[in-house]
Every structure is written in structure tokens, then in C-alpha cells.
Amino acid sequence: MGPWKDRKITTDEIAALMTQKTDSINNATFLFMGNPTLQGFGVSNGVTMQMQDKTGGDIQKFYDITNQLLAKLNARKEVMTAMTTFNPNFPQKLVEANIDKIKDAGLTLSQVMNALQAYIGSEYVSNFNLYGKQFRVMVQAEPQYRSKLEDLNGIFVQTSSGEMAPVTEFLTITDITGSQSLSRFNMYTSMDVTIIPNFSQGYSTGDVINIVKEVSKETLPDGYTYDYSGMSREEVKSGGQIIIIFTICLIFVYLLLSALYESYIIPFAVILSLPVGLSGIFIFIFIALMNGSGIVNNIYVQISMIMLIGLLSKNAILIVEYALQRRREGMSIIEAAINGAAARLRPILMTSLAFIFGLLPLALSTGAGAIGNRSIGISAVGGMLIGTIFGVLVIPTLYMIFQSLQDMISKPKIPSNDQTTGNENK
């Protein structure tokens with residue numbers, strides 16, 4: 001593996017390239033994927049789920065239904081690969097013991113099976129000490145004596161008469177097909193499914209989760225369902241929390257501004273200016289994605305959005321607070337808005353540009369962990385830049401709208417001309 005600076009292609013791009021090159025191979029199944037975000041929490045960076053048969057029916061029917069779902073998922077552009085490692089036609093050997101012959105030879109079934117276990121699968125028999133360390137003694141035949149089915153003829157077991165008889169005298173071995181193993185999830189028969197999103201095209205695990213919900217409604221009959229596992233399970237469980245967090249943040253900001261301005265209407269001039277800046281996040285993420293950065297709407301981007309709620313609100317508060325002061329001094333709504341934007345332009349630019357330049361190292365970072373750093377840096381820089389450029393135009397406009405509504409509901413507290421003149425003479 002070469003140094004980070006010499007790597008010109010990402011893991012997701014390699015997976016997409018290898019998937020494309022192996023699509024024409026029909027006698028094998030390939031799955032290319034990156035490591036999971038948290039090592040040990042799942043096996044890939046994709047979506048992991050468990051198909052469930054709640055009817056307890058035939059395993060072959062369950063497998064066919066799962067393949068129908070996978071075929072429709074693979075047909076979607078958001079999915080690079082969708083597959084299951086389960087195979088109900090796995091080649092196996094059926095070993096049947098002839099109990100009558102075993103009893104006639106004065107043996108027991110466990111003796112015959114123990115002989116097979118020891119020679120073919122190995123058996124722990126003892127320990128020994130050497131060089132101050134303890135070692136295990138394992139009994140097993142050499143590989144060349146257990147590589148073929150015919151090698152079983154060379155495995156003997158001692159009968160009650162003292163003679164050595166091959167174990168094949170007591171066993172019948174036939175070729176069958178079946179499931180290599182059967183697993184259960186939530187107490188139902190299950191099959192593991194792995195879905196790798198088309199990361200190189202800008203799609204994320206969240207897009208795939210939405211597609212699974214859509215396709216499963218069309219494909220899965222009654223009695224068959226699915227559930228997520230690994231990181232995907234945590235992602236689905238926490239997906240609804242993002243909306244709750246953003247709602248709480250906005251309510252918290254609104255209540256603070258209502259107390260600050262002593263109004264339930266003026267705070268909307270600040271709240272409704274936030275989407276302008278937050279749209280910059282998605283604009284810059286889209287631009288970065290088109291340049292092959294691999295950044296999507298992940299948890300890092302969502303953290304940046306929460307952070308920008310406070311930073312963009314600060315810019316709006318500076319303008320609105322200054323405009324309110326000028327309004328109380330007798331200026332018209334339009335004059336107060338323009339005066340507030342002009343007076344607060346320099347401090348807004350100073351703080352915003354300092355924030356943007358401070359985040360540039362994150363936005364331009366390379367090496368290990370660069371995706372997370374760039375996700376935070378690019379989204380925060382984009383939101384602050386767009387919010388600053390267009391905010392100084394949008395915020396005064398919103399102030400004029402909501403200040404007018406406030407004046408329509410309650411009488412504005414504006415000093416008269418006589419009072420203004422008297423204050424100036426004083």
C-alpha cells in the first residue's frame with residue numbers, strides 16, 4: 001500500500017471499477033466493498049440486513065423471494081451491488097450410520113464418529129510442557145490421507161474382537177445439496193443481505209435504505225419481511241432523531257429571540273434566513289461530489305448544519321438588532337433595515353471570513369480520515385459563504401416584512417417628531 005499522497009483513487013472507486021469488470025462473469029459472484037466505519041460493527045460500509053421468513057415455510061421458496069428482491073435492487077442506479085451469501089444448493093455429504101452393523105461389531109455409534117472426528121477434523125487429547133510453555137496435543141491425519149472421499153477407507157476402528165475394520169463398513173455416504181447453515185434473526189429463519197451503494201455516483205446508505213423500503217413493498221409477499229443489522233440498524237434507529245434535533249435547535253433559537261426582541265413575529269426574520277445559508281452546504285457538497293470527493297450527506301455534514309444554525313443566526317441577529325434600535329429612534333422600516341445592513345456589514349464579513357479561512361485546512365485535508373474532515377470543512381465553508389453573501393440581502397428584506405406585520409398587530413413604539421427634536425436639543 002503506497003503513501004496517501006500517491007493514491008489517486010478512493011476505495012469506493014476501486015469497488016465500483018472491480019464490480020464493473022466482473023459483471024460479465026456468470027459462473028461466480030463477486031462483492032467488493034470498503035471497510036465499515038466502525039471496525040467490528042458490521043462487515044462493510046454498505047447496508048446490511050436480514051431477510052426473515054415469518055411463515056416457517058420452504059427454504060427454497062424463501063431463497064427465491066430473496067433473489068427477486070435482490071434483482072430489483074440491483075436494477076436501481078443507486079445500488080452498485082446487492083447480494084446474499086446464503087445458498088440452499090450447497091454441495092454436501094450425507095453420512096448415514098448403519099446401527100445394526102455397528103452393534104454386530106460390538107461398537108457404539110460414538111466410537112465410529114469419534115474415529116472420524118479425530119482423523120478428519122482433529123481432536124484435542126493432552127498437553128505437554130516445553131521451554132517453560134504449555135502446548136496442546138492435537139490428533140489428526142496428515143492432509144494427504146484425508147483429502148479425498150476414498151481416503152475414508154484408510155481409517156479403521158477396532159471392533160470388540162480386536163480386529164481393525166474400516167469405518168466405511170459402518171457408514172453410507174451420499175452426495176446431496178442443501179443449506180450450508182441456517183441462521184435465525186429475531187427468532188425467524190433469516191438470510192443475510194449486503195447492499196453496497198453506488199458511492200462513486202453520489203448515493204449514500206440513506207438512499208439505499210429508502211429504496212429498500214420502496215422495493216420491499218412491491219416485492220415481498222405476506223409473511224416475508226426484513227430487518228437491519230450492524231451499523232445500518234443504528235442508522236435507521238437514529239434517522240428520526242435528526243429531525244427532532246433540528247426542531248429542538250430551531251425552537252430553542254426562536255424562544256431566545258422572542259425573549260430578546262419581546263416579540264413572537266420579529267424572530268422569524270432570523271429563523272427564515274437560515275435556509276439561505278444551509279442551502280450553501282448542499283451546493284458545495286454537490287460540487288465536491290462532482291469532483292470525485294466522495295462526500296455525501298453524512299453525520300459530519302449534519303453536525304455542520306447544527307453548528308451553522310447558531311453562526312448564521314448570529315449574523316442575522318446583528319442586523320435585526322441594529323435595525324430595531326434605529327426603528328425605535330424614529331426611522332422608517334426601510335431606512336432601519338438598510339442602515340442595519342450597512343452598519344453591520346463589516347463585523348459580519350470579518351467574523352465570517354475568519355471562520356471560513358480557519359476551516360480551509362479541514363476542507364482541503366488529505367490522508368487518513370480526510371473524508372470526515374472534508375465533510376465538516378466543505379459543508380461549513382459552503383454554508384457560511386453562501387449565508388454571508390446572500391444573507392446581507394435577505395435578512396433586511398425579511399426584517400421589513402415581519403416588522404410591518406408586527407406594526408400591524410401592535411402599535412409601534414416610535415418617538416414623535418417633537419420628542420425627537422426635544423431630545424436633540426437636550
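Here the structure is a predicted model, which is why all the values come from computation and not from measurement. Along the sequence shown, residues carry numbers from 1.
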Quiz item: If we only count heavy atoms from C-beta on, is the L324 to Q403 side-chain gap below 4.5 Å?
Solution: yes
Self-check item: Rounded distance [0.5 Å steps], CD1 in I266 versus CG in L398
Solution: 11.0 Å
Quiz item: Roughly how far apart are L70 CG and T84 OG1, rounded to 0.5 Å?
Solution: 6.5 Å
Self-check item: Heavy-atom closest contact (A82 atom, L73 atom, distance)
Solution: CB-CB, 4.0 Å
Exercise. Please assess F86 against T66 for the test side chain to side chain contact (heavy atoms under 4.5 Å, CB included), listing each intermediate value before the final yes or no.
Key: CA-CA 10 Å; F86 184 85; T66 301; over 6 Å; no
Quiz item: Short question: side chain of T219, backbone of S216 - any donor-acceptor pair under 3.5 Å?
Solution: no
Self-check item: Spatial distance of atom CD1 (I401) from atom CD (Q406) [nearest 0.5 Å]
Solution: 14.5 Å
Quiz item: Do P221 and I65 touch side chain to side chain, with heavy atoms closer than 4.5 Å?
Solution: yes
Exercise. Tell me, with the steps shown, if T55 and K61 meet side chain to side chain contact (heavy atoms under 4.5 Å, CB included).
Key: CA-CA 11 Å; T55 65; K61 179 181 178 182; over 6 Å; no
Quiz item: What is the minimum heavy-atom distance between V215 and R76, and which atoms define it?
Solution: CG2-NH1, 3.9 Å
Quiz item: Is E321 close to Y261 at the side-chain level, that is, under 4.5 Å between some pair of heavy atoms?
Solution: yes
Self-check item: Validation row: N198, K77 side chains within 4.5 angstrom (heavy atoms)
Solution: no
Quiz item: Between Q50 and R184, is there a donor-acceptor pair closer than 3.5 Å when you use the side chain of the first and the backbone of the second?
Solution: no
Quiz prompt | More than 12 heavy atoms of other groups within 6.0 Å of I334 CD1 | solution = no
Exercise. Output, in order, the C-alpha distance, side-chain angles, deciding distance and verdict of side chain to side chain contact (heavy atoms under 4.5 Å, CB included) for I333 and Y399.
Key: CA-CA 8 Å; I333 295 176; Y399 166 75; 4.2 Å; yes
Quiz item: Are the side chain of T159 and the backbone N or O of E163 linked by a donor-acceptor pair below 3.5 Å?
Solution: yes
Quiz item: In Å and rounded to the nearest 0.5 Å, what is the CZ to OH distance from F62 to Y188?
Solution: 12.0 Å
Quiz prompt | Side-chain donor or acceptor of T48 paired with backbone N/O of S229 under 3.5 Å | solution = yes
Quiz item: Hey, does the side chain of S122 reach the backbone of V139 with a donor-acceptor pair shorter than 3.5 angstrom?
Solution: no
Quiz prompt | Flag for Q68-D64: side-chain donor and acceptor within less than 3.5 Å | solution = no
Quiz item: Counting only N and O atoms by type, is there a donor-acceptor contact under 3.5 Å from the side chain of T351 to the main-chain atoms of I348?
Solution: yes
Quiz item: Within a strict 4.5 Å, meaning less than it, do heavy atoms of the N210 and E214 side chains meet?
Solution: no
Quiz prompt | Nearest heavy-atom neighbours spanning A115 and V167 | solution = CB-CG1, 4.3 Å
Practice problem: To the nearest 0.5 angstrom, please state how far the CD1 atom of I251 sits from the CG atom of L256. | Solution: 12.0 Å
Quiz item: What's the shortest heavy-atom distance between S160 and G106, and which atoms?
Solution: OG-CA, 3.6 Å
Practice problem: Specify the closest pair of heavy atoms between I319 and G340, including all atoms of both residues, with the distance to one decimal. | Solution: CG2-C, 4.1 Å
Practice problem: State, to 0.1 Å, how close V270 and A316 come at their nearest heavy-atom pair, and which atoms those are. | Solution: CG1-CB, 3.8 Å
Exercise. Output yes when a side-chain donor or acceptor of T177 lies under 3.5 Å from a complementary backbone atom of P91, and no otherwise.
Key: no
Quiz item: With respect to L274, which candidate in L250, L308, V253 satisfies the side chain to side chain contact (heavy atoms under 4.5 Å, CB included) definition?
Solution: L250
Quiz prompt | Under 3.5 Å: donor-acceptor pair, side chain of D151, backbone of K148 | solution = yes
Quiz prompt | Test item: Q140 side-chain N/O and I120 main-chain N/O as donor-acceptor pair under 3.5 Å | solution = yes
Exercise. For Y119 and R146, run side chain to side chain contact (heavy atoms under 4.5 Å, CB included): C-alpha distance rounded to whole Å, both residues' side-chain angles, the deciding distance at 0.1 Å, then the answer.
Key: CA-CA 8 Å; Y119 286 106; R146 52 183 171 87; over 6 Å; no
Quiz item: For the atom pair CZ (F390) and CD1 (I395), what is the distance rounded to the nearest 0.5 Å?
Solution: 13.0 Å
Quiz prompt | Any F357 side-chain heavy atom under 4.5 Å of L360 side chain | solution = yes
